[in-house]
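Working notes, beginning with the structure itself.
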Amino acid sequence: SPLSHPFAQVLSLFQLSNFHTFKLVDISIAAFVPAEMSGFTELAKQLIPFAPVPRKVQLGDLEEVNRIVEKLGFNGTREAEREEVFSEFRRVGGSETEGMTEEHFIAVAAQLWGLDRLAARSIFHASDLHFSGRLNRIEYLLMKEAFIHHSPSDQDTPEEIMELQLRAAFNRYVLSRPAQRVVKGTVLTSAEVSEFVRDLCAGDTHVKKVASQLLPQLMPATSPGGSPSPPRKSSVASDSGDDLEQAGILTVNDFVGTLMQEQFKELFATLDLSPQDLVHATLRGHRSGKGRGHPGMTCSRVVLDGRAESAQMKWVPPPAVDDMCIEEALQYAERKKVIDSDCVPSDAINEEMVLVPQVRAVGGWRGPLAPSRDKEEYQLASRVIENAQRLARDVSDQQDVLDKEWYTSGEAMEALAGSGEGTQANALVCLARACEVQLRVQSNLVRVQAPSKVFGDIHGQFRDLLLLLDQFGFPSHCGGDIQTTSYVFNGDFVDRGDHQLEVLMLLFALKVVYPSHIFLIRGNHEFREMSEIGSPDCFLRHCKWRLPQQWKLVYEAVHKAFDWLPMAALVGGRALVLHGGLGDGKWGLKEIEEMQRPLVKPRPGIELDIVWSDPSDSDHIMWKGVHSNPDRGDTKIHLFGPDVTAAFCEREGVCVVIRSHQFVSQGYKVMHSGRLLTVFSARNYCGDDENDGALLLLAPDHNGHLRVHPKRLLALPILEDGEAEEEEELRRLLAAGQKGNGSWIPSCFSGCFSFLSSQ
C-alpha cells in the first residue's frame with residue numbers, strides 16, 4: 001500500500017505490523033494521547049514510528065487540575081463564567097459533596113446539549129479526572145470548557161483541553177463495545193484502531209484537502225483555472241430533463257461521465273481513491289439506513305430486558321370441580337383482568353445460562369432520571385397510573401357526558417389516590433417535588449424522540465384526557481405504548497375545568513415514572529398570575545375548594561414545579577412544540593435554550609411570545625408581519641403572520657411549529673401554508689362550546705417522513721334547557737326500546753335514536 005495514503009500513514013505511526021491484512025497491534029490511551037502533542041503533525045509528516053509514551057503530567061493530580069483552572073483564567077478574568085457554570089452544576093442536580101453520577105450526567109447532556117448516550121459517557125469518563133465515578137464541580141467546569149465552549153475546529157485550543165477531547169475520542173471506541181462499563185485500563189483493539197483511522201480520513205481536514213484537488217476537475221464551471229475537456233455524457237438516459245439543470249450544479253450525466261474519464265481515473269489513483277468506495281457507501285446506507293424509522297434501519301445491537309409484562313384475563317371457575325381442584329379453584333375465584341410487570345420468571349430461562357455481554361442491556365429504558373422501583377415516589381406514581389388506566393377503561397364504557405357533569409363529588413381523585421384530604425394532598429406534594437427534581441435537569445428546549453403524541457390544552461377536563469388516552473393509546477408499559485412512544489403535554493393543564501387536581505396528579509405521576517418519555521411544556525396558565533387571577537375557576541380557588549385544609553402546601557409545591565417547566569420541545573429534530581407562538585419571530589432555538597429558570601413571571605420578549613402570542617387566522621397577504629393582538633388585551637402580546645412562521649422555520653431548520661393556546665372547532669387546525677398547527681385537547685371547552693378535542697401523533701413512515709396523524713375526540717352537542725329535557729326523554733325511550741324489538745318507536749325519532757347511539 002502506498003505510504004502517501006493518510007490511512008497508511010497513521011497506521012505506520014502506531015507500528016502496525018501488516019496494513020494489507022489489518023493485523024493491527026492493540027494500543028492504549030497512552031499512545032492515543034502522545035507525550036508531545038504539538039509534534040504530532042510533524043511526526044505524521046516524517047512517518048517516524050513511535051512507541052506508546054504515557055503523559056508525564058496526569059490530569060487527575062489535584063495540583064495539576066488547579067494549575068489548569070488558573071491557566072484558563074477561571075480564578076481571574078473569567079471568574080464570572082466559573083460561577084455561572086457552578087450555578088448551573090447545582091441547578092441541574094449536581095451535589096457539592098457527592099458530585100454528579102454518570103447516569104445523571106447522561107440525562108443532563110441529552111437535554112442541555114443534545115448528546116446521545118455514547119457521546120455523553122465518553123465525555124463523562126474523560127472528564128472524571130479522579131476516576132471516582134462522579135464529576136465534581138471543577139471537573140464539570142473543565143468538561144464544559146473542553147466540549148461545549150471549544151469547537152473541535154478551534155485552532156487555539158489549549159493543550160490541556162485538547163487532551164480531554166482526545167481522551168473522550170479514545171473512550172468512544174472503547175464504550176462502543178457491548179455492555180462496556182469502564183474505560184480505565186482498557187486498550188483499543190485492532191478493529192477499533194482501524195475504525196479510528198477511518199474517522200480521521202473522513203474528517204473535515206482530509207476531506208477539504210482532497211476536495212481542493214478533486215472538485216475543480218469534477219465541476220469545471222466553478223474552477224478558477226482552465227477547464228478540461230467537456231464531461232463525457234452517460235449512455236444511460238436521464239429522467240430529469242436538461243432544462244432543469246442549473247449552472248454550477250453537478251447533474252447525474254456529468255457525475256457519471258466525469259468519473260469514467262481516463263484522466264479522472266489517474267487523479268483518483270494519485271489520491272489513493274476509488275469510485276467503488278461510493279458504491280460500498282451506497283450499499284451500506286441502504287442496508288443500515290440513517291435516522292429513526294427509516295426503511296432498513298438497524299440498531300447497534302439487540303438486548304434483553306430483565307422484566308416482562310403479563311396480561312391476566314378475568315376468570316371464574318366452573319360450577320363443578322373435583323375435590324382435588326377446589327384449592328386451586330379458590331385461588332383463581334376472584335382473579336380480575338389486569339396487566340402486571342415483574343421479573344422474567346425462572347422457567348423462562350435455561351438452566352445454568354450466563355448472559356453474554358452482547359445482549360445485556362446498559363441503562364434502564366425509562367431513562368437515567370427514573371426512580372428505582374423501591375422509592376416511595378415510584379410506588380405512589382405507579383399506583384396513580386394503574387388506577388387512571390382502569391378509570392379510563394371504565395369511562396369509555398359509560399354513557400358520554402361533559403366533564404363538568406362527571407364525578408362532581410371528588411370520586412375521580414379518590415379513585416386515583418385514595419380517600420381523605422390528607423392522603424390526596426400528600427400524594428400531590430410528593431409527586432410535585434419529585435417532578436421538580438427531574439425538571440431542573442432538563443433544558444428549556446427538550447429534545448423528544450419520535451414517534452410522539454402531542455396534546456394541547458387540557459384545562460382540568462380530566463374525563464376528556466382519559467378518553468383520549470383510552471382511545472388512542474395509554475402511556476403505560478402495562479397495556480400501553482410508552483415503551484415505543486413519547487408524550488408531550490403542551491401546557492395549560494389547570495384553570496377553568498372541574499378536575500384540575502386530577503389532571504396534575506396523573507401528569508406528575510407519568511413524569512416521575514417515565515421521565516425520558518413524558519414531557520410537560522409550560523403554558524400561560526402555569527404561572528401564578530393566572531392561577532390567582534380571581535375568577536371562580538382559577539387554580540388557586542380550585543385548590544381551596546377541593547383541599548380546604550391542605551391547599552397551601554399543595555399550591556406551593558405545584559407552582560415550584562411549574563417554575564422549572566421547559567418552554568418548548570423539539571420532536572424528531574424537525575417539529576417545534578411550544579404553547580403560544582413565535583411572537584415577533586426575532587429569536588430562535590438557541591435563545592430558548594439560554595432562558596433562565598426558575599421562571600416566576602414571563603417578561604416581554606421571547607418569554608411572553610412563547611406562552612401568549614397567537615398566529616394570524618388567515619394566510620392572506622394582509623396578515624403578513626407582526627401585529628398587535630387586541631383579543632389578549634396587552635399591546636406587548638403579538639399576532640404573527642405566515643411570513644414570520646416561514647422565516648423562522650427556514651432559519652432554524654424546523655419543518656413545522658405545533659402550538660395550542662386557542663380552542664379550534666375540529667380540535668386541530670392547519671395554518672400558515674402547513675408550517676403551523678394548532679392542537680387543543682379539551683373538547684366542549686368550559687362546557688359552553690361544541691369544539692372537538694384532539695392530539696397529534698408524529699410518527700416516522702416508510703418514506704422517510706415524520707408524518708402528522710390527527711386523532712380527534714368528537715364534541716358532545718350543547719343543548720338548551722328544553723332540548724335537554726327532550727334528550728332525557730329520548731334516552732328513556734331508547735332504553736325501553738332496546739328491551740323490546742323497538743318496532744313501536746315513531747319514525748320521526750329514528751334520526752335522534754341513531755345520533756344518540758353513535759354518541
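Side-chain atoms are counted along with the backbone in the values below, which use heavy atoms only and exclude waters and symmetry mates.
- Below 30°, between 30° and 60°, or above 60°: for Trp113 and Phe105 the angle between ring planes is between 30° and 60°, a tilted geometry.
- At distances below 3.5 Å, at least one donor-acceptor pair connects side-chain atoms of Gln500 with backbone N or O atoms of Gly497.
- The two atoms that bring Cys543 and Leu501 nearest to each other are SG-CD2, 4.1 Å, heavy atoms only.
- Salt bridge Lys560/Glu556: absent, no basic N to carboxylate O contact under 4.0 Å.
- The nearest pair of heavy atoms linking Asp692 to Ala715 is OD1-N, 2.8 Å.
- Remark: side-chain polar atoms of His579 are paired, donor with acceptor, to backbone N or O of Asn490 under 3.5 angstrom.
- One finds the CZ atom of Phe455 at 11.5 Å from the NZ atom of Lys711 (value rounded to the nearest 0.5 Å).
- The distance between the ring centers of Phe680 and Tyr685 falls below 6.0 angstrom.
- Between Asp619 and His672 there is a side-chain heavy-atom pair separated by less than 4.5 Å.
- Between Lys511 and Ile518 the shortest heavy-atom distance is NZ-O, 2.8 Å.
- Shown are Arg683, Arg463, His499, Gln461; of these, the side chain to side chain donor-acceptor pair (under 3.5 Å) with Asp403 is made only by His499.
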Evaluate the side chain to side chain contact (heavy atoms under 4.5 Å, CB included) criterion for residues Ser87 and Arg90: first the C-alpha distance (whole Å), next the side-chain angles of each, then the deciding distance (0.1 Å), finally the verdict.
CA-CA 5 Å; Ser87 176; Arg90 293 189 296 270; 3.9 Å; yes
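- Relative ring orientation between His477 and Tyr514 is described as perpendicular, the plane-to-plane angle rising above 60° on a 0-90° scale split at 30° and 60°.
- Heavy atoms only, all atoms of each residue included: Phe539 and His559 are closest at CD2-NE2, 4.0 Å.
- A donor-acceptor pair under 3.5 Å links the side-chain atoms of Ser681 to the main chain of Ala694, judged by distance alone.
- The NE2 atom of His459 sits 9.0 Å away from atom OG of Ser660, with the distance rounded to the nearest 0.5 Å.
- Classification of Asp609 and Lys586 as a salt-bridged pair fails, no side-chain N sitting under 4.0 Å from a carboxylate O.
- Taking the six-membered ring for Trp and the full ring otherwise, Trp612 and His661 have centroids separated by under 6.0 Å.
- Note on Lys453 versus Asp481: salt bridge recorded, some NZ/NE/NH1/NH2 to OD/OE distance being below 4.0 Å.
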With side chain to side chain contact (heavy atoms under 4.5 Å, CB included) as the criterion, how do Leu576 and Glu652 come out once you've worked through the C-alpha distance, each side chain's angles and the decisive distance to 0.1 Å?
CA-CA 10 Å; Leu576 177 65; Glu652 300 300 323; over 6 Å; no
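- No more than 12 heavy atoms of other residues, nucleotides or ligands shown are found within 6.0 angstrom of CD on Gln596.
- For Glu650, the CD atom counts as loosely surrounded, since its 6.0 Å shell holds 12 or fewer non-hydrogen atoms of other residues, nucleotides or ligands.
- Judged by distance alone, the side chain of Arg574 and the main-chain N or O of Gly653 form a donor-acceptor pair under 3.5 Å.
- Salt bridge annotation for Arg546-Glu502: present, with a cationic side-chain nitrogen under 4.0 angstrom from a carboxylate oxygen.
- Around the CH2 atom of Trp623, the shell of radius 6.0 Å holds no more than 12 heavy atoms that belong to other residues, nucleotides or ligands.
- Annotation: the span from Phe663 atom CZ to Asn684 atom CG amounts to 10.5 Å, rounded to 0.5 Å.
- Counting only distance, with no hydrogens or angles, the side chain of Arg528 and the backbone of Val600 share no donor-acceptor pair below 3.5 Å.
- Side chain of Glu526 to main chain of Leu565: no donor-acceptor pair is present (N/O by atom type, distance under 3.5 Å, no hydrogens or angles).
- Here the shortest heavy-atom pairing between Leu639 and Ser628 reads CB-O, 3.7 Å.
- Under a cut-off of 6.0 angstrom, the local environment of CD in Glu529 is crowded, with over 12 non-hydrogen atoms contributed by other residues, nucleotides or ligands.
- A salt bridge links Glu593 with Arg447; the closest basic N to acidic carboxylate O contact falls under 4.0 Å.
- The aromatic rings of Trp365 and His517 sit perpendicular to each other, their planes meeting at more than 60°, with 30° as the lower class boundary.
- Looking only at distances, no side-chain donor or acceptor of Asp470 sits under 3.5 Å from a matching main-chain atom of Leu466.
- Judged by distance alone, with hydrogens and angles left aside, the side-chain atoms of Ser486 form no donor-acceptor pair with the main-chain N or O of Ala450 at under 3.5 Å.
- Looking at Glu607, its side chain does come within 3.5 Å of a backbone N or O of Arg603 through a donor-acceptor pair.
- Under the salt bridge (Lys or Arg N to Asp or Glu O under 4.0 Å) criterion, Glu377 pairs with no residue, sequence neighbours left out.
- Here the side chains of Ser516 and Leu369 are not in contact, with every heavy-atom distance at 4.5 Å or above.
- Side-chain atoms of Glu436 never come within 3.5 Å of backbone atoms of Trp564 as a donor-acceptor pair (strictly under, hydrogens ignored).
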